[in-house]
Number of protein chains: 2
Amino acid sequence: MSRPVEFDRDQAVQKAVHLFWQRGYQATSLTDLLDAMGLSRSSFYGAFGDKRGLFVECLDVFAARNQAILQRARDRKPPMAALRSYFERNFGQTADPDLHFGCMLVNTVIELAAIDQGLCDLAGRHLKTVQDLFEACLGDAGAEPGESKQAAAFLMMVHEGARVSDRQRISIPDQLARINTAFGYVEGSMAARIELGR
Amino acid sequence: MSRPVEFDRDQAVQKAVHLFWQRGYQATSLTDLLDAMGLSRSSFYGAFGDKRGLFVECLDVFAARNQAILQRARDRKPPMAALRSYFERNFGQTADPDLHFGCMLVNTVIELAAIDQGLCDLAGRHLKTVQDLFEACLGDAGAEPGESKQAAAFLMMVHEGARVSDRQRISIPDQLARINTAFGYVEGSMAARIELGR
DNA sequence: ATCTTTCTGGAACGGTAGGTCCATAATTAT
DNA sequence: ATAATTATGGACCTACCGTTCCAGAAAGAT
């Protein structure tokens, strides 16, 4: 019917996610994006509308990828081990500085809180979904409803804090130690409750 | 000797802190600053060098103010109560949305990690000073050296996480509940050690 | 081969960014 | 009063921002 698109859309979005993740929304210029994605201005606007539209798409992609990591761990391991491995994978495992950009959702909340409420809320909703996953894991691990809710909120706070440390290039062992401390608290508290006969 | 300055420098810096704190570095334009500070371009460049120079000064002011809050609580209350009140004051007490901008130091780390390493490191050093204060309080409360170090790192992570939640306009009771959970873990762990006779 | 449709490269747009410059105003020292 | 010095307001500069526009290239349909 007409001339076909010349670039791989998914691949271009992946490149954009990487850039936005690393540099944030404001500091990533259209020129940066065009260079990384390898397409011209016209193609860009034809395919994505505008910069903000692309960013929304990137947030969704990032969130889906993130949730998939946790969900997959949950399918394969005991619930607490899945949670731990999610944290460790996200914050410790790799020494590649190219992967220590913190969490794109957290970064977005902080950067855009007073700038673009729509984007900030979208990122917040994605974070809430992750927190719900935390809660489900804790429930699987034997926590009572109130307990799992409380602990999930706590773990989300730890998650966010860890992402901040991550951006400061804290050492990997220190990071793992902090995570271990946090999980020790949660598991200890759950164990204590069970030991006391609920 | 010559014409005197017409504006109150300290007061102007306070205004700038407020703006930077709320909107971040990049999203705060020189025009915004000039309007808020009430001075002209020439006076601005004469007094502060450039935008980045002013930002450095604002980071220092913010950090000093922040540390003073904790230090004052420490002088007046038992150590754990001082820590708790610092967290509660920063995150819970006020419903005024004008004070829920998160922590300027945390915001800076996140926003500028990949943009301006110098500013990011400066904010990180200020955060480290706060963490040292946490450690001192925990030591006063009877923690052993290793324990206080570990718990201080943990509390800093909580601190950073809470600041992120703060920017998402989480409800005050929820915020206080999370903080209470975190402190409950720390205090419970310390109490357990003491009960077992170290 | 022609028509139609969509995609593409690049020039161009208005707006705003941070920063400079200069003539003038205000002060102190003489 | 005048000279010396510094502060101030505002015009001006260059660079870059996100976005639009248009002429032309590339494909399918007839």
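The sequence lines fix the lettering, A, B, ..., with proteins before strands; numbering per chain opens at 1. Atom set for the values below is all heavy atoms of this structure, side chains included, hydrogens, waters and symmetry mates excluded. Note that this is a predicted model, so its numbers are computed, not measured.
- Rounded to whole Å, atom C1' of D:dA15 lies 15 Å from atom CG of B:L30.
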Let me check something: any side-chain donor-acceptor pairs from residues 53-64 of chain B under 3.5 Å, sequence neighbours excluded? List them with distances.
residue: B:E57; atom: OE1; partner: B:R9; partner atom: NH2; Å: 2.6
residue: B:E57; atom: OE2; partner: B:R9; partner atom: NE; Å: 3.4
residue: B:E57; atom: OE2; partner: B:R9; partner atom: NH2; Å: 2.7
residue: B:D60; atom: OD1; partner: B:H126; partner atom: NE2; Å: 2.8

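- Within a heavy-atom distance below 4.0 Å of DNA chain D, the residues of residues 40-50 of chain A found are A:R41, A:S42, A:Y45, A:D50.
- Protein atom CG of B:L33 is 8 Å distant from nucleotide atom P of C:dG18, rounded to whole Å.
- With rounding to whole Å, A:D32 atom CG is found 12 Å from D:dC16 atom P.
- By the side chain to side chain contact (heavy atoms under 4.5 Å, CB included) test, B:A81 is found to be paired with B:K77, B:P78, residues two or more places apart in sequence or in another chain being considered.
- In the region residues 53-62 of chain A, proximity to DNA chain D at under 4.0 angstrom, judged on heavy atoms, holds for none of the residues.
- Identified under the salt bridge (charged side-chain N to carboxylate O under 4.0 Å, His left out) test for residues 27-37 of chain A, with sequence neighbours left out: A:R23-A:D32.
- Side chains of B:Q14 and B:R65: a donor on one and an acceptor on the other come within 3.5 Å.
- When the ring pair (Phe, Tyr, Trp, His ring centres under 6.0 Å) test is applied to A:Y45, no partner is found at least two apart in sequence or on another chain.
- Taking a cutoff of 4.0 Å between a charged side-chain nitrogen and a carboxylate oxygen, A:E144 and A:K149 do not qualify as a salt bridge.
- Under the side chain to side chain contact (heavy atoms under 4.5 Å, CB included) criterion, A:K51 pairs with A:F20, A:Y25, A:L30, A:L33, not counting sequence neighbours.
- Listed by first then second residue, pairs satisfying side-chain hydrogen bond (donor to acceptor under 3.5 Å, both in side chains) with a partner in residues 111-125 of chain A read A:Q26-A:E111, A:R52-A:D116, A:D121-B:R169, not counting sequence neighbours.
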Which atom pairs, one a donor and one an acceptor, fall under 3.5 Å between side chains of residues 131-143 of chain B and the rest of the protein, sequence neighbours left out?
residue: B:D132; atom: OD1; partner: B:K128; partner atom: NZ; Å: 2.9
residue: B:D140; atom: OD2; partner: B:R74; partner atom: NE; Å: 3.3
residue: B:D140; atom: OD2; partner: B:R74; partner atom: NH2; Å: 3.0

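- Between the P atom of D:dA15 and the NZ atom of B:K51 lies a distance of 19 Å, rounded to the nearest Å.
- If one axis is set at each end of the helix from C:dA1-D:dT30 to C:dT30-D:dA1 from five pairs, those axes are 0° apart, to 10°.
- Scanning for side chain to side chain donor-acceptor pair (under 3.5 Å) contacts around B:S148 gives an empty result, with sequence neighbours left out.
- The side chain of B:F7 has D:dT8 as its nearest neighbour among D:dT8, C:dG18, D:dT19.
- Under the side chain to side chain contact (heavy atoms under 4.5 Å, CB included) criterion, B:L34 pairs with B:L39, B:R41, B:F44, not counting sequence neighbours.
- Atom OH in B:Y25 sits roughly 8 Å away from atom P in C:dG18 (whole-Å rounding).
- In this structure, the CZ atom of B:R23 is 10 Å from the P atom of C:dA17, given to the nearest Å.
- Separating the CG atom of B:L34 from the C1' atom of C:dA17 is a distance of 13 Å, rounded to the nearest angstrom.
- For D:dC17, the OP1/OP2 oxygens have a side-chain nitrogen or oxygen of A:T31 closer than 4.0 Å.
- Rounded to an integer number of Å, the gap from CD1 of A:I115 to P of C:dA17 is 12 Å.
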